[in-house]
Amino acid sequence: MIQNERVRTLNRKRIRQGRYVLYWMQASVRGEYNHALEYAIREANGLNQPLLVFFGITETFPEANERHYYFMLEGLRETQLTLRERGIQLVIWKRSPEVGVAELAKDASLVVVDGGYVRIQREWRDSAAERIGCSLVQVESDAVVPVEEASPKEEYSAATFRPKINRKLDYYLLPLEETSPQVDSLGLDVESFDVSDVEEAISRLDVDRSVPRVDGLHGGMQAAKRRLEEFLREKLDLYPELRNDPTQDYLSGMSPYLHFGQISPLYIALRVRDTDSPGKDAYLEELIVRRELSLNFVHYNDRYDSLQALPSWVRKTLGEHEADPREYVYGLADFEGAATHDPYWNAAQKEMAYDGKMHGYMRMYWGKKILEWTENPADALRIALYLNNKYELDGRDPNGFTGVAWCLGKHDRPWGERAVFGKVRYMSSKGLRRKFDADAYVRKVESVSEGQD
DNA sequence: ATCGGCTCGCGCAA
DNA sequence: TGCGCGAAGCCGAT
């Protein structure tokens with residue numbers, strides 16, 4: 001089912017007589033469970049034309065490095081093969097996407113695009129909408145509920161957002177049927193950047209090599225599905241009890257795959273819903289309410305990476321405590337080198353640097369302590385976002401921006417006033433020890449990071 | 001182990 | 001206009 005609300009036009013131009021329909025794959029890099037792809041196939045069939053799919057690689061995506069590119073290329077390679085089996089050609093160009101799509105659109109009847117939420121993706125679509133001479137249609141496949149359908153405005157908290165999005169689930173939690181292309185596009189003669197050997201492909205990209213790929217964690221839908229099935233089979237039942245224990249591995253691990261569009265959130269939601277596990281409500285809360293609240297934040301607040309995005313009570317209270325003496329003050333190098341006085345914080349930083357992901361519970365503690373141990377909240381925000389975006393495989397995701405903002409009070413309520421934090425919620429190492437064996441977490445991270453050094 | 005207070009603002013009910 | 005309640009906590013009292 002492709003609900004009409006998933007589809008909207010981005011310019012006022014017409015469908016014209018071209019040689020093919022073009023699908024600009026921007027955020028949903030997968031050959032299955034992709035509403036934009038299925039919509040484009042149906043349009044192409046209606047025009048009796050082939051469907052060409054385009055993906056543009058830019059070597060200068062802000063804050064991206066080899067770790068991210070490698071994971072992305074693995075997914076891209078698999079997608080190309082999946083599409084080929086469906087008779088669809090995926091063309092990859094080493095060019096900025098909005099330029100590449102405009103070039104290929106010269107011979108297109110219609111261009112379809114999916115869509116990411118962060119600033120640069122939005123700018124690319126705006127730019128492409130002007131450059132392209134035919135109709136440009138966006139189809140939402142990155143959210144279970146399209147952002148503007150879930151809510152018409154920026155939400156104050158999960159509490160205000162939850163009932164709004166939950167009301168829409170019956171309408172949106174429906175499977176997506178596949179359509180077969182009537183006209184094969186494999187014969188179209190278009191050059192493409194070769195990703196069949198990912199190792200070799202990445203060597204031909206001039207990208208930041210300062211952060212290495214994560215050993216043993218591979219991109220692509222097959223890897224995502226294997227991980228998901230293992231989670232459903234072995235972990236979902238205990239998810240409500242163990243998800244906040246970083247010494248355990250009871251999280252789904254879907255966020256890197258979701259970030260790169262390699263698995264559909266709708267597909268995950270349907271797989272989870274169709275179990276009878278006691279953990280399913282807790283998981284769907286995270287996947288839908290919490291994840292899509294982050295899309296709401298980034299979509300409606302274009303200052304999502306700035307202190308301006310925080311509610312007024314937060315800015316007021318942090319301002320009043322800006323001159324408070326800090327017990328510890330660290331700079332970026334101290335944080336990045338995991339060289340604070342706090343073994344728990346250092347372990348969290350190392351986990352992220354080596355594994356490309358930090359346990360969800362530790363992400364909160366990690367961010368709260370950066371706020372506590374920097375000169376001012378502006379420095380804290382800058383440092384937290386820099387490290388998150390550099391080391392997390394799902395860095396630069398709406399979830400990351402929202403998670404860091406939450407540490408500074410976004411989507412939260414005021415709590416007892418104290419130094420530095422003011423009324424923003426505080427977290428302590430004592431709290432960690434109360435909830436789980438924090439020293440066991442440090443040992444766990446050490447054993448992994450020593451193995452990789 | 002468990003509870004209440006901390007403190008703001010949204011949104012529903014009246 | 002009043003009122004209940006909230007994404008992950010902390011802390012002190014019982």
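Proteins get letters first, then strands, A, B, ... in listed order; numbering begins at 1 in each. Being a predicted model, the structure only gives us computed values, none of them experimental.
For the pair A/Phe436 CZ and C/dG9 C1', the computed distance is 13 Å after rounding to whole Å. Between the C1' atom of C/dA7 and the CE atom of A/Met364 lies a distance of 8 Å, rounded to the nearest Å. Spacing between atom NZ of A/Lys435 and atom P of C/dA8 amounts to 10 Å, rounded to whole angstrom units. Straight-line distance from the CG atom of A/Leu293 to the C1' atom of C/dA7: 9 Å, rounded to whole Å. Put simply, NZ on A/Lys430 is 7 Å from C1' on C/dC11, counting in whole angstrom units. Protein atom CG of A/Leu251 is 17 Å distant from nucleotide atom P of C/dA8, rounded to whole Å. A/Arg433 places its CZ atom 14 Å from the C1' atom of C/dC10, with the value rounded to the nearest Å. In this structure, A/Met427 places its CE atom 16 Å from P of C/dA7, rounding to the nearest Å.
For the pair A/Arg418 and C/dC11, the criterion of a side-chain N or O lying under 4.0 Å from OP1 or OP2 is met. Contact annotation: A/Ser157 does not reach the phosphate of C/dG6 (side-chain N/O to OP1 or OP2, under 4.0 Å). Between A/Tyr426 and C/dA8 there is no side-chain N or O to OP1 or OP2 distance below 4.0 Å. Note on A/Arg243: every side-chain N or O is 4.0 Å or more away from OP1 and OP2 of C/dA8. Between A/Lys368 and C/dG9 there is no side-chain polar atom (N or O) within less than 4.0 angstrom of OP1 or OP2.
When the P atom is compared between B/dC12 and C/dA7, the two are found 15 Å apart, to the nearest whole Å. Spacing between C/dC5 and B/dC3 at atom P, rounded to whole Å, works out to 16 Å. Distance check on atom P: C/dG9 versus B/dG9 gives 23 Å, rounded to whole Å. One P atom belongs to C/dG4, the other to B/dG5, and the distance between them is 14 Å to the nearest Å.
Stem analysis of DNA chain C (at least three stacked-register Watson-Crick or G-U pairs, each with both distances under 3.5 Å) gives B:1-6 with C:9-14, B:8-13 with C:1-6.
In this structure, A/Lys410 NZ and A/Tyr156 OH are separated by 9.0 Å, a value rounded to the nearest 0.5 Å. With rounding to the nearest 0.5 Å, the separation of CG in A/Asp245 from CG in A/Leu238 is 11.5 Å.
A/His411 pairs with exactly one of A/Trp406, A/Phe297, A/Phe401 by the ring pair (Phe, Tyr, Trp, His ring centres under 6.0 Å) rule, that one being A/Phe297. With A/Tyr70 as the partner, the side chain to side chain contact (heavy atoms under 4.5 Å, CB included) test is satisfied by one option alone out of A/Val214, A/Leu205, A/Val198: A/Val198.
Aromatic pair A/Tyr239/A/Phe231: ring centres closer than 6.0 Å. Between A/Trp345 and A/Tyr441, the distance from one ring center to the other does not fall under 6.0 angstrom. Taking the six-membered ring for Trp and the full ring otherwise, the centers of A/Trp366 and A/His359 sit at least 6.0 Å from each other. Here the two rings, on A/Phe421 and A/His321, have centers that are 6.0 Å apart or farther.
Take A/Arg290 and apply the salt bridge (charged side-chain N to carboxylate O under 4.0 Å, His left out) test, not counting sequence neighbours, and it matches A/Glu286.
Residue contacts for A/Lys316: at a heavy-atom cut-off of 4.0 Å it reaches no nucleic acid atom on any strand shown. Looking at heavy-atom distances under 4.0 Å, A/Arg162 makes contact with sugar-phosphate atoms alone, never a base.
For A/Arg290, taking side-chain heavy atoms from C-beta onward, the closest of the listed nucleotides C/dC11, C/dG6, C/dA7 is C/dA7.
Think of the region where chain A sits on DNA chain B: with heavy atoms and a 4.0 Å cut, that region ends 5' and 3' at B/dC6 to B/dG11.
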A/Arg67 vs A/Glu392, test: salt bridge (Lys or Arg N to Asp or Glu O under 4.0 Å). Steps then yes/no. CA-CA 9 Å; A/Arg67 171 170 294 180; A/Glu392 293 277 7; over 6 Å; no
